[in-house]
Amino acid sequence: MNLIQKLKTKSVGYYILLASTVLGLIVSVMYIAFGVSSHTFAAGIFVCALFAFLLGVALAIYEGVFADCIPIVMIVLMSVALVLLIADSIDDVTALFVGMGDYFGNADNVGMRVTLAVFMILSIITAIVGSFFSRVRKQEA
């Protein structure tokens with residue numbers, strides 16, 4: 001079975017989970033670029049986002065017994081990454097509100113942190129929605 005025939009058997013749930021996977025890739029690339037450039041890189045955030053993306057790639061290929069569990073693990077990993085990002089952002093948000101950037105954190109980082117959080121939330125929501133749908137179309141008799 002070639003790729004075109006295989007894609008014709010996929011339903012909307014497959015494509016929603018694929019969108020969540022693409023968002024996971026975007027989060028991973030954005031976070032590594034932001035973390036390295038702002039000197040605030042936290043490996044836990046990157047690893048969770050990267051593993052969520054890699055599980056999405058595995059879900060696009062794998063159709064075995066545990067394929068229904070993969071979206072749940074993706075959701076958990078991206079949620080952990082979001083919580084770690086929020087915890088890591090407290091100093092920067094405090095610097096934004098207080099106005100003392102050198103003492104608390106860097107207020108310039110808040111915009112990128114909010115952008116990352118939005119992409120993470122979108123990835124989580126699409127993975128939740130996609131997990132309720134079947135990934136393969138029903139065969140018509």
Worksheet item: Should Val114 and Ile90 be counted in the same cluster of Ile, Leu, Val, Met, Phe, Trp and Tyr side chains packed under 4.5 Å apart?
Response: no

Worksheet item: Any chain of hydrophobic side-chain contacts (each under 4.5 Å) joining Ile86 to Val83?
Response: no

Identify the two heavy atoms, one from [X] and one from [Y], that lie closest to each other, and give their separation to 0.1 Å.
X	Y	value
Gly24	Met78	CA-CE, 3.8 Å
Leu77	Ala52	CD1-N, 3.9 Å
Ala60	Leu18	CB-CD1, 4.4 Å
Ala81	Ile45	CB-O, 3.9 Å

Once you round to the nearest 0.5 Å, how far does [atom1] of [X] lie from [atom2] of [Y]?
X	Y	atom1	atom2	value
Tyr15	Phe133	OH	CZ	14.5 Å
Leu116	Ile26	CG	CD1	11.0 Å
Phe53	Cys48	CZ	SG	15.5 Å
Ile75	Ser131	CD1	OG	4.5 Å
Ile121	Leu23	CD1	CG	12.0 Å
Leu55	Cys69	CG	SG	11.0 Å

Is there side-chain contact between [X] and [Y], with heavy atoms separated by less than 4.5 Å?
X	Y	result
Leu59	Tyr14	no
Val12	Ile16	yes
Asp92	Met112	no
Arg113	Thr40	yes
Leu17	Pro71	yes
Thr21	Met74	yes
Ile70	Phe66	no

Got a donor-acceptor contact below 3.5 angstrom from the [X] side chain to the [Y] backbone?
X	Y	result
Ser20	Thr126	no
Ser123	Phe119	no
Tyr31	Ala42	yes

Discussion item. Can you confirm whether or not the ring centre of Phe41 sits under 6.0 Å from the ring centre of Phe34?
Written reply: no

